[in-house]
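Just so you know, residue 1 is the first one in the sequence shown, and it goes up from there.
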Amino acid sequence: MPSSSAAPLSTNRSRLGYKVRYALRHPQRVVPYLRRSARDGWLRFRHRGSHVAYYRAVMASDAARSPEAAVGGGPSHARWLAIGQMQYDYLLGHGLKPQDRVLEIGCGNLRAGWRFIEYLEPGHYFGIDISPEILIEAKKTLVRYDLQQKVPHLTPVADLTLDFLPDGYFTVVHAHSVFSHSPLEVIDECLSHVGRVLAPDGFFDFTFDRTEGTEHQVLGEDFYYRPRTLIQLAEKHGLSARFMDDWERLPHGQSKLRVTHPAPLTSCRDGAAAE
């Protein structure tokens, strides 16, 4: 697997030594980091025991300052557009069709979602997010791109159980830069339920921050996982997962896995009949 970023894949960003070396190389980022650390510490204290509640508060704080930066669009609108275009082009290159029914987990302010909505048939896009504030911004994006006639579904959620969605309905499920901000129990919850809403021949693509060293987190916001950990987690829930090597060639710092239902086994009787 090629590296997905300039930093070595064995880097542990949670270690003090790494933070000191980073601060020495980027002194202008020390004060913003300390401010964010203090804010995140306060929010973790207020919402202790619930990562979703904590991260919802993080999103509310970030969205109040800049909705685009809150979903990884900093430092410019051009970057927001470029990352959305990258996601859209990738799925289009993997066979996305207008008739597909797409569920975007963590749709944010529709960085990629507005392109999916524009391309898909009316009513075929479902976007969910834990942040009501960012969904308000998503509605503004719909208006900005004149997409009201595509009647997309935008819904705030408190968890990733997906319990309000129908069985076997979505041909494409997509989560960009969601699991990179999620502890393992949140990912486990999603993988334990996504198979129910995924069509038999559908797929679920998600990005994550990859490490080949010690799995770790920074500020309770950024989580680094080995691919095998997430592949085994999908397998625990009866799903197949594979590493998407072609995504690694794109200018993005995260890696991608694709989750599907296992291919049905062909019985000896079926094989004989086929012969």
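Under a hydrophobic-cluster definition in which Ile, Leu, Val, Met, Phe, Trp and Tyr are linked whenever side-chain heavy atoms come within less than 4.5 Å, directly or via other members, Val143 and Trp80 are assigned to different clusters. Hydrophobic clustering (ILVMFWY, side-chain heavy atoms < 4.5 Å, transitive): Leu250 and Met244 are in one cluster. Note on Leu147 and Ile136: separate hydrophobic clusters, where clusters join Ile, Leu, Val, Met, Phe, Trp and Tyr whose side-chain heavy atoms are under 4.5 Å apart, directly or indirectly.
For the pair Asp89 (side chain) and Met86 (backbone), a donor-acceptor distance under 3.5 Å is absent. Thr207 contributes a side-chain N or O that, together with a main-chain N or O of Ser177, makes up a donor-acceptor pair within less than 3.5 Å. For His153 (side chain) and Leu103 (main-chain N/O), no donor-acceptor pair under 3.5 Å exists by modelled atom type. Remark: the backbone N or O of Ser131 is paired with a side-chain donor or acceptor of Asp129 at under 3.5 angstrom. Arg196 contributes a side-chain N or O that, together with a main-chain N or O of Leu165, makes up a donor-acceptor pair within less than 3.5 Å. Not a single donor-acceptor pair under 3.5 Å links the side chain of His124 to the backbone N or O of Val102. The main-chain N or O of Leu9 is found under 3.5 Å from a side-chain atom of Thr211 such that the two form a donor-acceptor pair.
Side-chain contact between Phe206 and Phe204 is present, with at least one heavy-atom pair separated by less than 4.5 Å. Side-chain atoms of Leu154 and Leu110, non-hydrogen and from C-beta on, do get closer than 4.5 Å to each other. Gln87 is listed as a side-chain neighbour of Arg111, based on a closest heavy-atom distance under 4.5 Å. Side-chain atoms of Asp167 and Val197, non-hydrogen and from C-beta on, never get closer than 4.5 Å to each other. You'll find the side chain of Cys107 stays beyond 4.5 Å of the side chain of His174, heavy atoms only. In this structure, Val172 and Phe116 have side chains that are not in contact, with every pair of non-hydrogen atoms separated by 4.5 Å or more. Using a 4.5 Å heavy-atom threshold, the side chains of Tyr224 and Asp222 count as touching. Inter-residue side-chain proximity for Glu104 and Ile128 is flagged as unmet; no heavy-atom pair is nearer than 4.5 Å.
Relative orientation of the Tyr169 and Phe126 rings is perpendicular, given thresholds of 30° and 60° on the angle between their planes.
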Query raised in the report: Going through the checks in order, is the salt bridge (charged side-chain N to carboxylate O under 4.0 Å, His left out) test met by Lys139 and Glu137?
Result: CA-CA 5 Å; Lys139 292 177 181 180; Glu137 298 300 325; over 6 Å; no
Query raised in the report: Run the side chain to side chain contact (heavy atoms under 4.5 Å, CB included) check on Val178 and Val186 step by step: do they pass?
Result: CA-CA 10 Å; Val178 174; Val186 172; over 6 Å; no
Query raised in the report: Could you go step by step and tell me if Phe208 and Leu257 meet the side chain to side chain contact (heavy atoms under 4.5 Å, CB included) rule?
Result: CA-CA 8 Å; Phe208 66 102; Leu257 289 180; 3.6 Å; yes
**Report entry** Full working for side chain to side chain contact (heavy atoms under 4.5 Å, CB included) between Phe164 and Val157
**Finding:** CA-CA 10 Å; Phe164 67 101; Val157 295; 3.7 Å; yes
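One distance of note links CZ of Phe243 with OG of Ser255; it measures 4.0 Å at 0.5 Å rounding. Residue Lys256 holds its NZ atom at 11.5 Å from CZ of Phe179, rounded to the nearest 0.5 Å. Note that CZ of Arg242 is 7.5 Å distant from OG1 of Thr260, once rounded to the nearest 0.5 Å. Of the inter-residue distances, the one linking Tyr125 atom OH with Trp114 atom CH2 reads 12.5 Å to the nearest 0.5 angstrom. The CG atom of Leu162 sits 5.5 Å away from the CD1 atom of Ile105 when rounded to the nearest 0.5 Å. From Leu135, atom CG reaches atom NZ of Lys140 across 12.5 Å, with rounding to the nearest 0.5 Å.
Contact between Leu239 and Pro262 at its shortest, heavy atoms only, is CA-CD, 4.3 Å. Considering all non-hydrogen atoms of both residues, Pro98 and Tyr119 come closest at CD-OH, 3.2 Å. Minimum interatomic distance between Arg56 and Pro132 (heavy atoms only, all atoms of both residues): CD-CD, 4.1 Å. The heavy-atom pair separating Arg258 from Asp205 by the smallest distance is NE-OD1, 2.6 Å. Shown here for Gln149 and Asp146, the closest heavy-atom pair between the two residues is OE1-O, 3.0 Å. Taking both residues in full, the closest heavy atoms of Ser182 and His51 are given as CA-NE2, 4.1 Å, listed atom of the first, atom of the second, then distance.
Using a 3.5 Å distance cut-off with no hydrogens or angles, the side chains of Glu118 and Tyr145 do not pair a donor with an acceptor. Between the side chains of Tyr90 and Asp246, at least one donor-acceptor pair of N or O atoms lies under 3.5 Å. A donor atom on one side chain and an acceptor atom on the other are not found under 3.5 Å apart for Thr141 and Asn109. Glu189 and Thr161 share no side-chain donor-acceptor pair at under 3.5 Å. A donor atom on one side chain and an acceptor atom on the other are found under 3.5 Å apart for Gln85 and Arg115.
Arg39 has a carboxylate O that lies under 4.0 Å from a charged side-chain N of Glu221, or vice versa, which qualifies the two as a salt bridge.
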Could you pull out every donor-acceptor pair under 3.5 Å between side chains of residues 226-237 and any protein atom, sequence neighbours left out?
unit_1, atom_1, unit_2, atom_2, d
Arg226, NH1, Gly213, O, 2.8
Thr229, OG1, Glu215, OE2, 2.6
Lys236, NZ, Asp188, OD1, 2.9
His237, NE2, Asp188, OD1, 2.7

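Ring centroid separation for the pair His94 and Phe203 does not come in under the 6.0 Å cut-off. His252 has its ring centre less than 6.0 Å from the ring centre of His176.
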